Amino acid sequence: MECGKKTFAKSILLICGVMAFYSFFRNGWSLQVWNPKYVIYCGTKRMLYPKPETLNPPRTDVLTITPWFAPIVWNGMYNSDILNAHFLQRGVRIGLTVFAIKKYTVFVKTFIETAEKFFMVGHRVNYYVYTDRPNDIPNITLAEGRQLVILNVPSYQRWQEVSMRRMEMIRDLSHQRFNKEVDYLVCVDVDMQFSDEVGVEILSDVFGTLHPGFYGSDRQSFTYERRPESQAFIPADEGDFYYAGGFFGGTIEEVYKLTDFCHNAMMTDKEHNIEAIWHDESYLNKYFLYHKPTKILSIEYLWDNSFGVPDLLKRRRFVAVPKNHEAIRN
């Protein structure tokens, strides 16, 4: 039986080799130029899709690449079939973190149920829910290869403290647990719901998301921390974009670096009785200014319907759940 398997494998390799030699004989090294007619498939599925048009880009109404060559992800800029095939072949595992502290546990059910419909469908996902009320987390049926992990954390009196401690808790588990269980980490707010596809197109070494309130603003209008004595300080003549604190991620190592920087900067400020204007979001913006993200998600990936729907917004993938902020935080 073992001999038969080896013979079969050798036959497949021989066939692939003959096909490769034939293609080289016909076309020379020009095969490095993509030509589906002569593509050799050994153990993979053949894939057909429209040819990319060099002189006819899919989007000209928005910025699609940064000055440091990081793509900005908008609808129409990618082929999800190609990306899914690539990431499935790699067997990528994705972790999704949320914090459901105190009354925020009421958002978990909608969050998870909509994520099951739209987030990384077909891929392996771990939902990491940080909470001080584990008994309030509902049982939800998940698709195969997906699991809900409840992480018990302390309860903090002020919601600002929860926001500030988030970076520390993500950092600590990045090296203690996440690096053993997933390849990428996506960190988002729980008081949101998925309403359209959010897939592997978002994944990169380290990514941030444009804030829906500032995507068209100049840098002087950004609500960066402007006090020079703060570790989150950004001068008025610096800044690329204003990034939202509610959607960032990347590889485990890069998320560790980001969260470690933010937590240490917060602790330094705390020693001097400084609290940055927008808490963890302020430090995140400082980090991304001097450690450029390798990919940026457009406002499609973080939207609030109270802003209306501008023409450039073709899809609303992840949207805020309407709520009374004062009531839910107190």
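Numbers for residues simply follow the sequence, beginning at 1. As the structure is a computational prediction, the values presented were derived from the model and not from experiment. Note that these values count all heavy atoms, side chains included, but never hydrogens, waters or copies made by symmetry.
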Participant: With a 4.5 Å cut-off on side-chain heavy atoms, are Met169 and Leu173 touching?
Facilitator: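 No - every pair of side-chain heavy atoms lies 4.5 Å or more apart.
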Participant: Testing Val129, Thr131, Val190 for side chain to side chain contact (heavy atoms under 4.5 Å, CB included) with Thr105, which one passes?
Facilitator: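 With Thr105 as partner, Val129, Thr131, Val190 yield a single side chain to side chain contact (heavy atoms under 4.5 Å, CB included), made by Thr131.
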Participant: For residues Pro310 and Tyr215, report the shortest heavy-atom separation together with the two atoms involved.
Facilitator: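 Closest heavy-atom pair between Pro310 and Tyr215: CG-OH, 3.6 Å.
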Participant: Which pairs count as side-chain hydrogen bond (donor to acceptor under 3.5 Å, both in side chains) when at least one residue sits in residues 112-122, sequence neighbours excluded?
Facilitator: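 Counting only pairs at least two positions apart or across chains, the side-chain hydrogen bond (donor to acceptor under 3.5 Å, both in side chains) contacts touching residues 112-122 are Lys109-Glu113, Glu116-Tyr127, Glu116-Arg146.
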Participant: Mind checking who shares a hydrophobic cluster with Ile65, ILVMFWY linked at side-chain heavy-atom distances under 4.5 Å?
Facilitator: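 Taking Ile, Leu, Val, Met, Phe, Trp and Tyr as members, Ile65 shares its hydrophobic cluster with Phe69.
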Participant: One thing to verify: whether Arg227 and Glu225 come together as a salt bridge, which I'm taking to mean a side-chain N less than 4.0 angstrom from a carboxylate O.
Facilitator: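 Counted as a salt bridge, because a side-chain N and a carboxylate O are separated by less than 4.0 Å.
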Participant: Less than 4.0 angstrom from a charged side-chain N to a carboxylate O is my criterion; do Lys103 and Asp191 meet it?
Facilitator: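 Result for this pair is no, no salt bridge flagged.
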Participant: To check you understand the geometry: which heavy-atom pair defines the closest contact between Thr54 and Pro57, and what is its length?
Facilitator: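 Answer, listing the atom of Thr54 first, then Pro57: O-CD, 4.5 Å.
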Participant: Flag the pair Phe207 / Ile296 as yes when at least one side-chain heavy-atom distance between them is below 4.5 Å, and no otherwise.
Facilitator: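 SC-SC contact between Phe207 and Ile296 ruled out.
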Participant: Can you see which heavy atom on Tyr184 is nearest to which on Arg90, and at what distance?
Facilitator: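 Heavy atoms of Tyr184 and Arg90 come nearest at OH-NH2, 3.3 Å.
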Participant: Does the distance from a Lys or Arg side-chain N to an Asp or Glu carboxylate O, for Lys292 and Asp240, drop under 4.0 Å?
Facilitator: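 Counted as a salt bridge, because a side-chain N and a carboxylate O are separated by less than 4.0 Å.
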Participant: Compare all side-chain heavy atoms of Val255 with those of Thr259 and state whether any distance is below 4.5 angstrom.
Facilitator: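 Of all side-chain heavy-atom pairs linking Thr259 with Val255, at least one is under 4.5 Å.
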Participant: Within a strict 4.5 Å, meaning less than it, do heavy atoms of the Glu197 and Arg315 side chains meet?
Facilitator: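 Yes, at least one pair of side-chain atoms sits under 4.5 Å.
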Participant: Val319: which residues meet the side chain to side chain contact (heavy atoms under 4.5 Å, CB included) condition with it, sequence neighbours left out?
Facilitator: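 Listed in chain order: Gln193, Ser195, Trp303, Asn305, Arg316.
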Participant: Determine, step by step, whether Asn285 and Ser282 satisfy the side-chain hydrogen bond (donor to acceptor under 3.5 Å, both in side chains) criterion, reporting the C-alpha distance in whole Å, the side-chain angles of both residues, the deciding distance to 0.1 Å, and the verdict.
Facilitator: CA-CA 5 Å; Asn285 274 275; Ser282 297; over 6 Å; no
Participant: Which residues pass the side chain to side chain contact (heavy atoms under 4.5 Å, CB included) test with Met267, sequence neighbours left out?
Facilitator: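 With neighbours one apart ignored, the set is Arg165, His263, Lys270.
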Participant: Apply side-chain contact (heavy atoms from CB on, under 4.5 Å) to Met167 and Tyr287, showing your working.
Facilitator: CA-CA 12 Å; Met167 293 296 188; Tyr287 184 83; over 6 Å; no
Participant: Using every non-hydrogen atom in the two residues, find where Tyr283 and Ala265 come nearest and quote the distance to one decimal.
Facilitator: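 Heavy atoms only, the tightest pair is CD2-CB, 3.6 Å.
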Participant: Applying the ring pair (Phe, Tyr, Trp, His ring centres under 6.0 Å) criterion to Phe194, which one of Phe318, Phe247, Tyr301 satisfies it?
Facilitator: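 Going through the options one by one, the only one that passes is Phe318.
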Participant: Nearest 0.5 Å please: distance from the CZ atom of Arg59 over to the NZ atom of Lys314.
Facilitator: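 Arg59 CZ to Lys314 NZ: 5.5 Å, rounded to 0.5 Å.
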Participant: Can you tell me if Lys295 uses its side chain to pair, donor with acceptor, with the backbone of Glu201 under 3.5 Å?
Facilitator: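 Yes, Lys295 side chain to Glu201 backbone: donor-acceptor pair under 3.5 Å.
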Participant: Applying side-chain hydrogen bond (donor to acceptor under 3.5 Å, both in side chains) to Glu281 and Tyr242, what does each step give before you reach the verdict?
Facilitator: CA-CA 9 Å; Glu281 185 173 86; Tyr242 190 86; 2.7 Å; yes
Participant: With rounding to the nearest 0.5 Å, note down the distance linking OG in Ser298 to CZ in Arg317.
Facilitator: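 Here the rounded value is 7.0 Å.
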Participant: Considering non-hydrogen atoms only, spot the tightest contact between Ser174 and Ile252 and give its length.
Facilitator: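 Residues Ser174 and Ile252, closest heavy atoms: O-CG2, 3.3 Å.
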Participant: Does a side-chain heavy-atom distance below 4.5 Å link Glu300 with Asn75?
Facilitator: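 Touching, per the 4.5 Å side-chain cut-off.
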Participant: Run the numbers on His175 and Tyr256 for ring pair (Phe, Tyr, Trp, His ring centres under 6.0 Å), then give the verdict.
Facilitator: CA-CA 7 Å; His175 274 187; Tyr256 176 86; 3.8 Å; yes
Participant: Ile112 versus Leu142: any side-chain heavy-atom pair under 4.5 Å?
Facilitator: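 Yes, side chains in contact.
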Participant: Check the surroundings of atom CG in Asn139: do more than 12 heavy atoms from other residues, nucleotides or ligands lie under 6.0 Å from it?
Facilitator: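 At most 12 heavy atoms, drawn from other residues, nucleotides or ligands, come within 6.0 Å of this atom.
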Participant: Using the side chain to side chain donor-acceptor pair (under 3.5 Å) criterion, which residues pair with Asp304? Sequence neighbours excluded.
Facilitator: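 Here the qualifying residues are Ser306.
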Participant: Calculate, to the nearest 0.5 Å, the distance between atoms CG and OG1 belonging to Asp189 and Thr97 respectively.
Facilitator: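 Answer for the CG-OG1 pair, Asp189 versus Thr97, is 9.5 Å.
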Participant: Side chains of Ile170 and Arg166: does their closest heavy-atom pair fall under 4.5 Å?
Facilitator: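 Heavy-atom side-chain distance check passes, below 4.5 Å.
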Participant: In Å and rounded to the nearest 0.5 Å, what is the CD1 to CD1 distance from Ile72 to Ile299?
Facilitator: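 CD1 of Ile299 is found 11.0 Å from CD1 of Ile72.
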Participant: How about His291 and Leu258: do any of their side-chain heavy atoms sit closer than 4.5 Å?
Facilitator: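 Of all side-chain heavy-atom pairs linking Leu258 with His291, none is under 4.5 Å.
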Participant: Show me the pairs that pass salt bridge (Lys or Arg N to Asp or Glu O under 4.0 Å) and involve residues 122-143, at least two apart or across chains.
Facilitator: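 Listed by first then second residue: nothing to list.
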Participant: Could you measure the distance from the CD1 atom of Ile202 to the OH atom of Tyr78? Nearest 0.5 Å is fine.
Facilitator: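 The OH atom of Tyr78 is 10.0 Å from CD1 of Ile202, to the nearest 0.5 Å.
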Participant: Give, for atom CG of Asp269 and atom CD of Gln231, the distance between the pair rounded to the nearest 0.5 Å.
Facilitator: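 One finds 5.5 Å between CG of Asp269 and CD of Gln231.
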Participant: For the pair Phe178 and Tyr128, evaluate ring pair (Phe, Tyr, Trp, His ring centres under 6.0 Å) and give the outcome as yes or no after the intermediate values.
Facilitator: CA-CA 10 Å; Phe178 299 151; Tyr128 295 111; 4.5 Å; yes
Participant: For side-chain contact (heavy atoms from CB on, under 4.5 Å), just list the numbers for Leu297 and Leu210, CA-CA rounded to whole Å, side-chain angles, deciding distance to a tenth of an Å, and then say yes or no.
Facilitator: CA-CA 6 Å; Leu297 309 185; Leu210 298 180; over 6 Å; no
